[in-house]
Structure formats: structure tokens, C-alpha cells
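Have a look at this one before I ask anything.
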Amino acid sequence: MDTNKTYTKEEVTEIAKSVLGKTFGEINSYQSKIDEFSKGQFGHILEEDVYGYGANSSKDADFKEAGIELKVTPYKKNKNGTLSAKERLVITIINYLEDYKHNFYDSHLYEKSKMMQIIWYLYEEGKKHCDLKITHELLYSYPEEDLPIIINDYETIIDKIKKGKAEEISEADTMYLGACCKGANSSSLRKQPFSDKKAMQRAFCLKTSYMTQLVREYIGGEKIEKIIPDKKAAKLSFEDELINRLKPYYGKTVNELKELLDVNTDAKNVNELLLAKMLGVKGKVAQTDEFLKANIVPKTIRVEENGRIIESMSFPTFKFDKIVNETWNESDLYNIFYTTKFMFSIFEEKNGEYVFSKIKFWCMPLSILNNDIKDVWNKTKKVVLSGNIVKEVLPNGKRITNFPGMSENKYCHVRPHGQNANDNYPLPTEDRLTGLKEYTKQCFWLNNKYIKEIIEQ
DNA sequence: GCATGATCATGC
DNA sequence: GCATGATCATGC
């Protein structure tokens, strides 16, 4: 193997093109050994067998002369025919003790990501790794319209390190560039410069939601509407820019907004339509380039005249046989809160009419996620696993359960969420009291009182 | 008044 | 058919 091989930019891409349509089994030189190889091997096979250099995690770029980093990454086809990235694209480990000294263009992150030769393979469940096929490649550098957001993300992460809060950095804090936890236990704890608290090791990454849009754009050929097409001209961060655009509408009633924006409907999703109009979006706000890439989920919140928020906020139902077989960090609940930023549109009741009062961006603080929310999840798992779901059946047929209720935890609870009580998922353990083998679909809800606290912060 | 179980309505 | 957001019903 020639470890001194150097390539030009063109050669790197030319070689990437030469493996399109091939499986990993076809391109590796010792196929007999790798019917089943580990996940980290995908990149090594490209590095060693295709480009002919040794595995490399040094500070230099993979192709130093060309200034290019090689990235091999999976995508998948969803049941509904759409494409998604299978995972986030990890760029480089964050060095808490050093990275805060550098601005974006001066950073190790930029060095490792300013130009990346991305090679995509199609992940298919149940297939052997050697049978997975490489299908697309892209010589990628940050698009001009994404760069201001990525730089702002970098600064957000660095700011948290400077504030001595490295242990609180969540992927949902930022939009496209995330800081994801690397390592599962206390052996992955690292020192940080401005606090005595140790923080979990983290890496800079392009978020899964960002990679999904890249896949849909380059592999799927999709064109997606942007809220701010020219971000270079924008002086404010994306969030502040949105708030600025919406501010003129603060304090107006729903009826005034309908009139002003020429929305003539009494449909249930009228608030969604109004928001789109206020932002000058033709389609749905949730389906714009920025919201999809950043995994921002818009939610409407209504506050009653007396200040109460009547409804708690629901999340997707969980499958009983799935939750009992997962660890906390693998769970859907953890991943929703770890990666999702919410945009709350708040409507307040005044004199019997709803007034658009403001929007607020929010993500779940890690300190709550990994304590209270985790406790509720653990208890739920235990209830399902032990078969102790039903506590009592009332004469009217209503079933009182042992799932963690609203009064047990300040932040979230578990409650039914199906078409009706007979909309069931199978149980891994028969329910002891009733002998039921399946049970009403349930989901986690954010407590209405906690939502009130969030929007008042 | 509020927690909790249940259900409706809409859109994909 | 089902997920999701919205809402109802009951009883303490």
C-alpha cells in the first residue's frame, strides 16, 4: 500500500465516481474476511482499497494536498417512498480546552469540513454490509446560503463552552451544525475550560435532518422552498430574522390577521396558514428548507383568558414491545427532545378572541431530559415490562393505569392517544389484572403547566 | 378546577 | 388506515 499517494481534487472525485454502483464486497480486496464488518469499516474500505492509504484520524485532511476530507455515509428509503439520511455526519471531536480560542474559519472544524468528498451508500435493513451498494457521490462545500447559519451554530456551541456549560450543549440548540454526544458512559467525560464540571465528549456534526435534506436534494432531485433565500444579506440570526418578520403582527386577533392576509377559511389549520402568510411562504412553514434542515417543529399554543393552557402537548405514540427493548439513549423520546427545536406560536385569549401574541423558539434542556424525562420514560418501561398497567377497572369500563401521570412529574406524563380505547398496540407482557395482550396506544405528553412556564420564561 | 381516560377531525 | 392535533367527559 502506497501511503504517500497524493491526489488532486479532480482525481478524488473521479475515483469516487468509479465506485458508483458497486457493493462494498466488490471493492474490498479481502472480501472473504468481511461478509460482516463493523460500521466503522465502510470508510476504511474506501480509504484503503479504493484510495490506497492507511486509516487516518489525524488532524490533517484525508487528502491534504487537495484539502478534501472523505466521508462515507448511509441513506435509506422510507416506507412512503421518501429518502432519509440514516445518521448524522460526524466531522470531528470537539476539543473543549482548545476550540473556544478559534473563530469559525480558523477552526479545526472548518479545516476538516471545508471540502468533503461525500460517498453515499444505500442502507437496507437485513442486508449484509458487504452487499450494500454505493450509489452517489458529491464533492461538497458549504452552500453560500447555509454558511451564515452554520457559522452562527458554531458560535452558539463555542459560547456555551465559554459560559462553562459544555455539559448542557444539546444538538437542538443549533440549526445545521450540531454538537452530538460521543460515548455512552463516564469514561467519555472530558474537562472543560470554564467550569469544574466534566462534560460528555462531543463531536461537531451535520445533523441528521440536514443530511436528509442533502440526500433529498442531490439523490432525490427535490427542490424545496426557502424562507430566506439570500442569507448573506441578512444581518440577524435566522431565529431573530423570523421574530422580526412576525413582530408587526403581534397583538392582532385571528380575525384581523385573516382579513389582513386575505385568508378566507375556517379550517382547523387556520393558524398554520396565517403563519405561512406572515412569513411569505407559499407552502407549509414546517416544510421549508430551513425548518427541515434544522428539524424545527412549529407548534401552536393557546392560552385561555385566565392564563391557563388547557391542553398538554402530545408526541407520537410508542410501541410497547419497542420501548421495553431500548435503552434511554436509543429511545424515540430521547431523540425527539435531543434533536428537535420547537417554534411555539402563542395565541392568547382576550375578550373572547384569540390574539397572536408572539413566537418562541425552545428546546428541551439536557438537565431535565436526562433526569425527569428519563425517570418518566424508565417508569413507563417498567410498568409495561412488569405487566402492571391496569390498576383498576371502573364500573363504566374506564381503566385506571399505573402509567406516570401528570401529578407525578413536573414536566411530562403518559396518557392514551389513539382513535379510541380499542386502538391498541401489542403488549410484550400480558397485563396482570386484565389478562390483556394488547393495550390502548399511549404517548408521552408535555405537561400544560410546564408549557406555560416555558412560554413565560 | 383539574387530572386523566377517551374520542373526534383532518389530511396524507 | 393511521398519525396528529384538537377536544370532550367524568369524577375527585
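Letters go in sequence order (proteins before strands), and every chain restarts at 1.
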Run the side-chain donor-acceptor check on residues 354-362 of chain A: report pairs under 3.5 Å with partners two or more places apart or on a different chain.
unit_1, atom_1, unit_2, atom_2, d
A:Tyr354, OH, A:Glu304, OE2, 3.0
A:Ser357, OG, A:Ile346, O, 3.4
A:Ser357, OG, A:Glu348, OE2, 3.4
A:Lys358, NZ, A:Ile455, O, 2.9

Would you check if the distance from the ring center of A:Tyr176 to the ring center of A:Tyr210 is below 6.0 Å?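 Ring centres of A:Tyr210 and A:Tyr176 closer than 6.0 Å.
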Would you kindly compare A:Gln419 and A:Trp445 by the position of their nearest DNA chain C nucleotide and give the one closer to the 5′ end?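 Closer to the 5' end of DNA chain C: A:Gln419.
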Could you give the start and end, 5' to 3', of the contact zone on DNA chain B for chain A, using atoms under 4.0 Å from its heavy atoms?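 Contact boundaries, 5' end first: B:dC2 to B:dC12.
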Closer to the 5' end of DNA chain B via nearest nucleotide, is it A:Tyr439 or A:Asn306?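 Going by which nucleotide is closer to the 5' end, it is A:Asn306.
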Give A:Tyr425 one of three labels, base, sugar-phosphate or nothing, depending on what nucleic acid heavy atoms sit under 4.0 Å from its own.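 Sugar-phosphate: the residue A:Tyr425, judged by heavy atoms under 4.0 Å, touches backbone atoms but no base.
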With heavy atoms under 4.0 Å as the rule, sort A:His417 into base, sugar-phosphate or nothing.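 It contacts base atoms.
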Using a strict heavy-atom distance below 4.0 Å, which residues from residues 278-298 of chain A are in contact with DNA chain C?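 By residue number: none to list.
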Just by distance, do the side chain of A:Asn409 and the backbone of A:Cys412 share a donor-acceptor pair under 3.5 Å?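 Yes.
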Are any of the side-chain nitrogens in A:Lys247 or A:Asp240 under 4.0 Å away from the carboxylate oxygens of its partner?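 Salt bridge: no.
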Contact nearer the 5' end of DNA chain C, comparing A:Ser312 with A:Asp423: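 So the residue in question is A:Asp423.
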Evaluate the salt bridge (Lys or Arg N to Asp or Glu O under 4.0 Å) criterion for residues A:Glu239 and A:Lys341: first the C-alpha distance (whole Å), next the side-chain angles of each, then the deciding distance (0.1 Å), finally the verdict. CA-CA 11 Å; A:Glu239 290 181 18; A:Lys341 193 191 276 288; 2.9 Å; yes
Assuming nearest nucleotide by heavy-atom distance, tell me which of A:Thr440 and A:Ala267 is located more 5' along DNA chain B.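 So the residue in question is A:Thr440.
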Looking only at the side chains, is there a donor atom on one of A:Thr327 and A:Asn329 sitting less than 3.5 Å from an acceptor on the other?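 No - no donor-acceptor pair under 3.5 Å links their side chains.
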Does CD in A:Glu305 sit with more than 12 non-hydrogen atoms of other residues, nucleotides or ligands closer than 6.0 Å?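 For A:Glu305, atom CD is crowded (more than 12 foreign heavy atoms under 6.0 Å).
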Quick check, are the ring centers of A:Phe42 and A:His129 under 6.0 angstrom apart?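 They qualify: ring centres under 6.0 Å apart.
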